[in-house]
Amino acid sequence: MILGYFGGCFIALVTIAIFHFIRKWRNPTCINGRLPPGSMGLPLIGETIQFLIPSKSMDVPSFISKRIKKYGPVFRTSLVGRPVVVSSDPDFNHYILQQEGRLVELWYMDSFAKLCGQMDTAADGSPITAFGLIHKYIRNLILNHFGPEVLKEKLLPELEELWVQALRNWKACDFVEVKQSTSAMMFDLTAKALFGYEPDKSGEDTGKNLTNFVDGVMSVPLNVPGTAFHRCMQGQKKLLKLVNDVIQERRAHPEKHRGDFLDQILDDMKHQTFLTDNSVPFITFGLLLGTVETVSSTITLTIKLLIEHPFVVEELMREHEEILNRRENREARITWDEYKSLTFTMQVIQESLRLGNIAPGILRRAIRDIEVNGYTIPKGWTIFAVPAAIHLNPETYEDPLSFNPWRWKGLEFSATQKNFVPFGGGARQCAGAEFSKLLLALCIHEMLTKYR
Ligand code: HEM
């Protein structure tokens with residue numbers, strides 16, 4: 001009888017606690033103001049499932065567009081167990097990207113950060129995160145090896161040669177193949193530029209390992225053979241081993257100093273404590289990831305758009321033909337001045353970047369309470385700035401889903417800064433932006449001048 005009484009009380013208490021938890025979850029409070037409107041979804045998983053439903057269209061994902069319609073450009077939600085404010089407000093996003101270290105810090109979801117080694121520790125035991133020293137170091141390293149000066153003085157002919165070879169081996173017949181071939185090409189190209197990787201030496205498709213990794217990152221984290229997550233982990237393991245092997249080989253033969261990206265890291269390991277045997281393969285891997293998937297997706301989309309818009313190809317052909325006509329030797333390699341004169345090609349690239357929205361979101365964590373449109377984003381919340389909502393806003397871009405490179409005619413980058421953010425902005429603006437644009441322009445140049 002007494003047991004039954006206590007059992008009943010216990011069940012009642014648990015039920016009250018659960019209801020209390022659900023009520024608190026659905027109605028989070030903000031001490032210093034009002035939270036942006038929105039819904040926190042189900043307890044713990046929030047609105048993650050709706051968010052992850054893939055979209056086959058180039059339009060703003062329906063998860064975002066439906067909520068913008070309902071709540072306005074800034075709304076709250078909960079994703080992978082974190083409270084998040086999603087913003088499609090260009091002014092607010094621009095402001096946030098300028099506030100690195102003051103109001104916000106870089107933060108990618110914990111699971112992704114772990115997969116990329118962001119949570120590693122330095123030799124002295126301090127955490128290596130992308131927030132501190134390592135950020136400045138990698139940024140400078142990339143600019144030293146892939147920045148505008150190096151592109152102009154050294155990389156232009158090398159990259160063109162890589163495209164010549166890559167396109168020769170290209171047997172694409174549909175867009176899945178185009179994507180796979182461009183990923184493989186980009187992998188070989190970037191891995192060669194970063195650490196002198198020679199594709200012939202390895203019997204396996206290393207680019208595929210990277211694709212497996214990317215495909216599995218957002219999957220259910222179930223490490224069981226046959227699942228996307230398992231393939232993702234296997235891909236990551238193989239790539240880390242590949243980089244590790246190159247590091248060991250370089251250490252065994254210091255006389256073969258090439259002066260490339262990896263050689264510089266190996267030199268810097270002597271005095272930078274955050275560069276360890278553990279962190280260096282992750283850094284190299286992270287760069288491969290950031291480079292290969294972004295550029296190959298943009299190239300695939302560009303080719304698709306060009307096939308669908310033959311009149312754009314005609315205009316491009318005129319521009320590239322003019323360059324060949326001005327040369328004494330039509331077969332000569334493209335020069336820096338010729339590249340810089342490709343105005344219509346650049347418009348095509350800008351338009352592809354606008355429609356491609358390769359970065360689905362730019363993530364930051366509020367390190368202070370932040371005011372926006374009369375609401376408050378509490379300290380600790382994640383901010384998810386959505387480039388697609390900015391790039392496809394009909395108030396900024398007329399007929400936003402149409403591929404119209406002419407819309408960029410005569411527009412200075414500074415005039416469109418807030419409304420064109422494929423490479424992010426502020427202190428963390430993509431360090432590979434110039435490199436990517438050059439790669440795209442060279443791909444277009446090679447295809448238009450050597451192929452039909
Ligand atoms: C079409 C190609 C690319 C796109 C669309 C792209 C996009 C982006 C975006 C949106 C960011 C900002 C992320 C943030 O603020 O959280 C970023 C950062 C970065 N990207 Fe790219 N990227 C591309 C290619 C590349 C390439 C080829 C490289 C390397 C050569 C590269 C290296 C970096 C680095 C190092 C950062 C971090 C910069 C920092 O934190 O200071 N990216 N990229």
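We count ligands from 1, going down the list as the structure has it; atoms in each ligand are counted the same way.
Taking any N or O of Arg428, backbone or side chain, at least one lies under 3.5 Å from an N or O belonging to ligand 1.
Counting heavy atoms from C-beta outward, Met346 and Tyr339 have side chains that approach closer than 4.5 Å.
At a 4.0 Å heavy-atom cut-off, ligand 1 touches Pro422 through the backbone alone. Only the side chain of Phe435 comes within contact range of ligand 1, with a heavy atom under 4.0 Å; no backbone atom does. Counting heavy atoms under 4.0 Å from ligand 1, residue Ala433 does not touch it at all.
Considering Asp267, Asp263, Asp277, Asp245 in turn, Asp277 is the only one that fulfils the salt bridge (charged side-chain N to carboxylate O under 4.0 Å, His left out) rule with Arg251. The residue from Arg364, Arg139, Lys136 that alone fulfils the salt bridge (charged side-chain N to carboxylate O under 4.0 Å, His left out) condition with Glu100 is Arg364.
The residue among Gly147, Ser436, Ala431, Gly361 with a heavy atom at the shortest distance from atom 36 (C) of ligand 1 is Ala431. For atom 35 (C) of ligand 1, the candidate residues are Ile283, Leu301, Ile142; the nearest heavy-atom contact is made by Ile142.
Aromatic pair Phe51/Phe384: centroids less than 6.0 angstrom apart.
Below 4.0 Å from some heavy atom of Arg139 lie the following atoms of ligand 1, by number and element: 38 (C), 39 (C), 41 (O). Atoms of ligand 1 found under 4.0 Å from any heavy atom of Thr298 (numbered from 1 in listed order, with element): 1 (C). The Ile362 neighbourhood of ligand 1 comprises atoms 14 (C), 15 (O), 16 (O), with distances under 4.0 Å to a heavy atom of that residue. Atom numbering of ligand 1 starts at 1 in the shown order; those under 4.0 Å from a heavy atom of Ala427 are 41 (O).
For Thr291, the side-chain hydrogen bond (donor to acceptor under 3.5 Å, both in side chains) test picks out no residue, with sequence neighbours left out. For Glu149, there are no salt bridge (Lys or Arg N to Asp or Glu O under 4.0 Å) partners, not counting sequence neighbours.
Ser62 and Ser65 form no side-chain donor-acceptor contact under 3.5 Å, judged by distance and modelled atom types alone.
Heavy-atom separations between Arg364 and ligand 1 include at least one value shorter than 4.0 Å.
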Determine, step by step, whether Leu442 and Leu156 satisfy the side chain to side chain contact (heavy atoms under 4.5 Å, CB included) criterion, reporting the C-alpha distance in whole Å, the side-chain angles of both residues, the deciding distance to 0.1 Å, and the verdict. CA-CA 9 Å; Leu442 288 177; Leu156 178 69; 4.1 Å; yes
